[in-house]
Amino acid sequence: MWIDRLRTFAAALWWGSLSTLGLLVVPMLFAKLSSSVMAGNMAAQLFSAQTWVSVGCGVLLLLCLKRNTAAAQATSAPLATMLIVAGLLLALLVEFAVAPRILARENLKLWHGVGSAMYLGQWLCAGALVWLLPSRATHQAATMIG
């Protein structure tokens with residue numbers, strides 16, 4: 001069903017964009033740019049854009065779960081919903097609670113650590129969704145065939 005594919009695509013996009021930004025792009029900025037301040041400012045803008053990618057993917061996932069009644073009734077639906085909401089909450093907390101403190105250079109070591117931990121938490125939530133959602137769609141297809 002198309003909604004299962006859309007749901008899987010949104011989860012993969014969320015996790016993949018978090019992975020690419022956090023594991024490749026931002027470290028490369030700090031390695032290649034001449035100034036760590038310049039790299040930090042660019043990273044902040046990229047992380048802010050990532051927040052809105054995360055919100056878009058999370059909302060799309062929630063809508064897909066709501067629309068697909070078979071998926072919503074599956075045993076893993078409450079877990080998927082909890083992972084989506086947790087990931088969204090972490091993304092928004094980083095954007096509106098942690099990032100302003102980092103940009104203001106307020107206790108930089110502490111807030112950078114908190115932000116990194118929240119980003120990792122969001123990455124784990126999105127990764128768990130990538131792992132969880134396709135297996136449910138595969139299970140549904142197998143029960144339809146058998």
Side-chain angles (χ1 to χ4, degrees), residues 1-31 36 39-146:
M1 181 180 215
W2 69 270
I3 200 124
D4 293 327
R5 291 174 193 257
L6 183 60
R7 189 180 63 226
T8 301
F9 177 78
L13 176 62
W14 190 0
W15 184 79
S17 63
L18 287 166
S19 299
T20 302
L21 184 61
L23 299 173
L24 181 68
V25 175
V26 169
M28 189 176 286
L29 286 175
F30 282 94
S36 62
N41 288 335
M42 180 58 79
Q45 291 176 38
L46 291 169
F47 282 125
S48 184
Q50 175 60 51
T51 295
W52 302 112
V53 170
S54 297
V55 168
C57 290
V59 168
L60 184 60
L61 283 163
L62 288 172
L63 291 172
C64 286
L65 279 177
K66 177 89 170 140
R67 178 148 162 75
N68 188 348
T69 55
Q73 294 171 356
T75 57
S76 59
L79 175 59
T81 302
M82 187 172 59
L83 288 167
I84 295 165
V85 170
L88 285 172
L89 181 61
L90 287 168
L92 292 170
L93 282 171
V94 168
E95 178 70 15
F96 294 110
V98 176
R101 287 177 169 83
I102 293 172
L103 291 173
R105 307 193 65 75
E106 176 185 316
N107 201 348
L108 194 57
K109 187 175 180 178
L110 169 73
W111 288 110
H112 189 271
V114 169
S116 295
M118 289 179 158
Y119 192 87
L120 175 63
Q122 184 187 171
W123 182 80
L124 290 171
C125 288
L129 287 165
V130 170
W131 187 265
L132 176 71
L133 293 177
S135 65
R136 187 170 65 210
T138 304
H139 174 71
Q140 288 171 347
T143 56
M144 291 171 70
I145 294 170

Under 3.5 Å, side-chain donor or acceptor atoms of residues 83-97 against the rest of the protein: list the pairs with distances, not counting sequence neighbours.
from: Glu95; atom 1: OE1; to: Ser48; atom 2: OG; distance (Å): 3.4
from: Glu95; atom 1: OE1; to: Thr51; atom 2: OG1; distance (Å): 3.3
from: Glu95; atom 1: OE2; to: Ser48; atom 2: OG; distance (Å): 2.9

Given Arg101 and Asn107, is the side-chain contact (heavy atoms from CB on, under 4.5 Å) satisfied, shown in steps?
-> CA-CA 8 Å; Arg101 287 177 169 83; Asn107 201 348; over 6 Å; no
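- How far CG of Asn41 is from OG of Ser36: 9.5 Å, rounded to the nearest 0.5 Å.
- Ser116 contributes atom OG, which lies 7.0 Å from atom CD1 of Ile102 (distance to the nearest 0.5 angstrom).
- In this structure, CG in Leu79 is found 5.5 Å from CG in Leu132, a value given to the nearest 0.5 Å.
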Practice problem: Assess whether side-chain contact (heavy atoms from CB on, under 4.5 Å) is satisfied between Val26 and Phe47, documenting all intermediate values. | Solution: CA-CA 9 Å; Val26 169; Phe47 282 125; 3.6 Å; yes
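- Not counting sequence neighbours, Arg5 has no partner by the salt bridge (Lys or Arg N to Asp or Glu O under 4.0 Å) test.
- Rounding to the nearest 0.5 Å gives a distance of 13.5 Å between CD of Gln122 and CH2 of Trp15.
- Nearest heavy-atom pair across Leu18 and Ser54 is CD2-OG, 4.1 Å.
- The CG atom of Asp4 lies 4.5 Å from the CZ atom of Arg7; values are rounded to the nearest 0.5 Å.
- Contact detail for Gly58 and Trp14: the closest heavy-atom pair is CA-CZ3, 3.9 Å.
- Heavy atoms only, all atoms of each residue included: Ala80 and Leu129 are closest at O-CD2, 3.6 Å.
- Closest of all the heavy-atom pairs between Leu21 and Gln50 is CD2-CB, 3.5 Å.
- Scanning both residues, Leu103 and Ala44, for their nearest heavy atoms gives CD2-CB, 3.8 Å.
- Phe30 approaches Ala43 most closely through the heavy-atom pair CE1-CB, 4.3 Å.
- Note that the CG atom of Leu133 and the CG atom of Leu65 stand 6.5 Å from one another [nearest 0.5 Å].
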If you apply the rule side-chain contact (heavy atoms from CB on, under 4.5 Å), what do you find for Leu29 with Leu46, and how did you get there?
CA-CA 11 Å; Leu29 286 175; Leu46 291 169; 3.7 Å; yes
